[in-house]
Enquirer: 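Here it is, the structure in full.
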Amino acid sequence: MTGRLLALTIVVVTAALITIGTLWPIQSASAMAGLSPTISNASTGSDSPQAAAQTLMQLISQRNWGAAYASLANKREFSETEFVRDLTGSYASLHTYATLDGFDVNPLNAGSSEAQVQTNLNWSSVVGSFQDVRTLRVIKAGDRWQVVWPINREAKVPPQVIPVNYLRWDVIYRGAEDDWGSQDVESPHVRIVAMHPVDRGGGTVILGELLNEDVVPAFVNVKATLVAKDGSAIATEDSFERINHILLPKQVTPFRVDFRNVRLAQVDNVRLEPTSILVAASADPVIGVESQKLNPLPQPSLTGELVNQSGQVVNITHVLGTFYDNKGQIIWVSDEYANRALLPGTPSAFSVSYPADLADKINNYRVVTSTFSVSRFQ
Amino acid sequence: MKPRAILLLTTLLIAGTASLHAADATGLGVPKSVEAGSAFTITTGAASKAVLYIVSPAQILRRDVEPGASVLIDAGDIHNAGHYLALLVGPSSTEKAEFDVVAAGQTASVSFLAKPSRLPVNLPEGISGVAYVFDALHNLVLNPAPVSFQLSDVGGATQTRSVATRNGVAWVKMNSAPKAGAAQFQVSAGSVANKRVVQQVPGDPCNLKMTARRSGQRVVLETEPVRDCSGNAVSDGTIVTFTQTYQGRSEATVDVPLKRDVARTELPAREGSVISVATGVVMGNEIRLGDVR
């Protein structure tokens, strides 16, 4: 009887939610579904600043670039191609493959002929979501409102030759037909040089640093096992993406392993197993991390600029930040992906957030990057 | 079990054993020891048609035997060294004989295990070599045989050790050379040899030092050629980390691989900042930018 009642309740609630979602969809959902009554006449403007911004966001979310461009008040200042490049990137990057997952439009101020709204675009990608916040000026043309798009023209690298003393390692592995005594190439020697377990958010987080002490590149990972007082294994996890997987000789990477449901008080011991595999790798590109600074509350973050010191376009950059206290102990590791391609010699901003409660404890920090370039595989 | 049944079973076993023993004594003639791969003859005293089985853990042969005939085992028919059992199975009895097949005395191949494939220079007894000596049919040659190990480094220096095999195996431990490079590790036994490559790599950097030069709003940093404590150039690709701090906090970091023994990069020329250099856990010198011209 209870089961039938539960089933009936689920059916009724589901039907009610579907009805509510259909009749009163949220902005993003209606935009994704193409349910916008104002899109057809977007080029003539909207009847309020907020509606104009909202219409523009809906068109962007549908990737209706032509209509979005046509709706702008300042379209004579740039071409449609430049507008699209502003939103998706000139070079292949995380932005190029991301989809707009949703957006918010918030009015900042409004006058009789001009207003300001803040738009917050949530893009989703394979490595998580990222936000693009823009403040838009909206002006009145006749009796309609139109958005003045703040175009960001991506820097262009002038045609030139950048000489690179290219360095890479190739590996010949043991073959199936080799004599049985023929040994395979040795795996790189790696060593954990720091480890600090912390209790955080109801779980345990293992923070540390790993050094490749060999003379060859290594693909590395760290597996952590929490051991209880009776010697039994409580849980095992690995560092997944919170590590720089390719380590060149003498390079150090931070790592972080999260155990969401195990309190540190339950743990008697932590067993760390670093693994390393010899892989072919390239020593380029070199990425400089400059102008680093800690930003205070309410949105604590470590920001700076990434400078690609090589001649190759870097399509995706993974930024790992390690935070230390005044004793030099690691107290946090966090990461972000830069969503724009890194052009040679062109600084590009990055931001790595850290927990607000650690703001007073952080004394120093270190940033490392790992990169992915499409051209490397061509 | 009843006593009568036990008595019957025991009688049968004794009779069977006596029969086998009798058959053995009467005619199945095998050599005590045969060289693997060689031809030999087994004589039989079979009064009627029989079947000869030759059994070892690695091989089984079957031959039909005519009454009173000998059986010729051709060269190469029995190629695995070991202990063999010959059984002549006739219509009424079975004869049994045992013999050994030994490896040919001559070494035909050497399997060579050299470990590790990569190690730092100047490591005493860091390289181990193990040689297994086989005959032409891949049987381990158990008789002692002289084996020579030679480790030649890139500078031409050679370490040589000669040892005799024990039960087919010979092993040595050798020192890595003070000079980095790919060493040739060779083992020779008789006329056969086998070679492995052992990479002898530089140790940790010694005396890591950088210099700085202003270039407009930037400062160009370059290390001196990075060498280990034996004077070997540290491998290209080794990461050198330049860190710029201002009032104790990191402002800029760059990981640069060594290329042609030096690491070179540029950082913003901020007055009063301190730039340090390190590779792995080895620290180098520091430069205060106010002092750089």
Side-chain angles (χ1 to χ4, degrees), chain A residues 164-169 174 179-189 191 193 211-217 244 247-253 278 281-294 302 304-307 309 321-322 324 326 345 362-370, chain B residues 109-120 129-132 180 187 194-205 218 226 234-246 248-260 263-268 270 278-282:
Chain A
V164 175
N165 180 4
Y166 198 65
L167 174 68
R168 64 171 279 124
W169 294 259
R174 188 180 191 281
D179 163 23
W180 67 269
S182 173
Q183 81 279 31
D184 210 345
V185 281
E186 193 113 335
S187 288
H189 299 174
R191 183 160 59 98
V193 290
L211 162 70
N212 176 5
E213 52 184 6
D214 215 318
V215 297
V216 289
N244 181 1
L247 274 192
L248 299 184
K250 305 288 185 285
Q251 194 170 20
V252 178
T253 176
L278 180 54
S282 164
D284 288 296
V286 173
I287 307 295
V289 187
E290 299 183 3
S291 310
Q292 300 171 55
K293 66 169 185 179
L294 284 177
L302 169 61
E305 287 180 334
L306 303 173
V307 183
Q309 297 187 352
T322 317
Y324 306 88
N326 56 6
I362 292 172
N363 182 57
N364 213 342
Y365 39 82
R366 182 170 173 270
V367 176
V368 295
T369 59
S370 61
Chain B
S109 67
V110 179
S111 278
F112 185 25
L113 294 169
K115 294 221 175 260
S117 63
R118 192 173 61 253
L119 82 166
V130 182
Y132 295 82
V187 65
N194 209 335
K195 194 182 274 184
R196 300 282 179 254
V197 174
V198 176
Q199 295 280 348
Q200 299 180 106
V201 301
D204 280 333
R218 313 281 288 177
V226 183
V234 169
S235 307
D236 270 5
T238 298
I239 289 293
V240 175
T241 303
F242 295 90
T243 307
Q244 185 175 34
T245 55
Y246 186 74
R249 280 208 165 163
S250 176
E251 278 230 324
T253 316
V254 58
D255 283 351
V256 184
L258 283 178
K259 286 181 178 176
R260 293 181 182 165
R264 185 179 182 281
T265 192
E266 288 182 9
L267 288 175
R270 178 162 184 175
T279 174
V281 292
V282 177

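Every chain is numbered from 1, with letters handed out A, B, ... down the list of sequences. Because only heavy atoms are used, hydrogens play no part in the values below, and waters and symmetry mates are left out as well, while side chains stay in.
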Enquirer: Among the options A:Val216, A:Val368, A:Val252, A:Val193, pick out the one with the most heavy-atom pairs lying under 4.5 Å from chain B.
Expert: A:Val216
Enquirer: Before you tell me yes or no, could you show the steps for B:Glu266 and B:Arg218 under salt bridge (Lys or Arg N to Asp or Glu O under 4.0 Å), namely the whole-Å CA-CA distance, both residues' side-chain angles and the distance that decides it to 0.1 Å?
Expert: CA-CA 6 Å; B:Glu266 288 182 9; B:Arg218 313 281 288 177; 3.6 Å; yes
Enquirer: Quick check: do B:Val234 and B:Leu258 have side-chain heavy atoms less than 4.5 Å from each other?
Expert: yes
Enquirer: For A:Leu247, which atoms come within 4.5 Å of any heavy atom of chain B: side chain, backbone, both, or neither?
Expert: neither
Enquirer: Could you tell me if the side chain of B:Thr265 sits less than 4.5 Å from the side chain of A:Gln309, heavy atoms only?
Expert: yes
Enquirer: State whether B:Tyr246 and B:Arg270 meet the cation-pi test: NZ (Lys) or CZ (Arg) under 6.0 Å from the six-membered ring centroid, and within 45° of the perpendicular axis.
Expert: yes
Enquirer: Show your working on salt bridge (Lys or Arg N to Asp or Glu O under 4.0 Å) between A:Asp214 and A:Arg191 and close with a plain yes or no.
Expert: CA-CA 10 Å; A:Asp214 215 318; A:Arg191 183 160 59 98; over 6 Å; no
Enquirer: Please classify the contact of A:Ile287 with chain B as side chain, backbone, both or neither, using a heavy-atom distance under 4.5 Å.
Expert: backbone
Enquirer: Shorter than 4.5 Å, heavy atoms on both sides: which option in A:Val307, A:Leu211, A:Asn363 has the most such pairs with chain B?
Expert: A:Asn363
Enquirer: A:Glu213 versus chain B, heavy atoms under 4.5 Å apart: side chain, backbone, both or neither?
Expert: neither
Enquirer: For the candidates B:Thr253, B:Val254, B:Val201, B:Thr238, which exhibits the highest count of non-hydrogen atom pairs separated by less than 4.5 Å from chain A?
Expert: B:Thr253
Enquirer: For chain A, which candidate among B:Lys259, B:Gln199, B:Arg260 shows the most heavy-atom pairs at distances under 4.5 Å?
Expert: B:Lys259
Enquirer: Pick one of side chain, backbone, both or neither for B:Leu119, based on which atoms fall under 4.5 Å of a heavy atom in chain A.
Expert: neither
Enquirer: Quick one: which of B:Gly248, B:Ala278, B:Pro257, B:Ser109 has the most heavy-atom pairs under 4.5 Å with chain A, could you say?
Expert: B:Pro257
Enquirer: Do B:Gln244 and B:Pro268 have side chains that get closer than 4.5 Å, going by heavy atoms?
Expert: yes
Enquirer: Looking at B:Pro120, B:Ser250, B:Ser235, which one has more heavy-atom pairs under 4.5 Å with chain A than the rest?
Expert: B:Ser250
Enquirer: Counting C-beta onward and ignoring hydrogens, is there a side-chain heavy-atom pair between A:Tyr365 and A:Leu294 closer than 4.5 Å?
Expert: yes
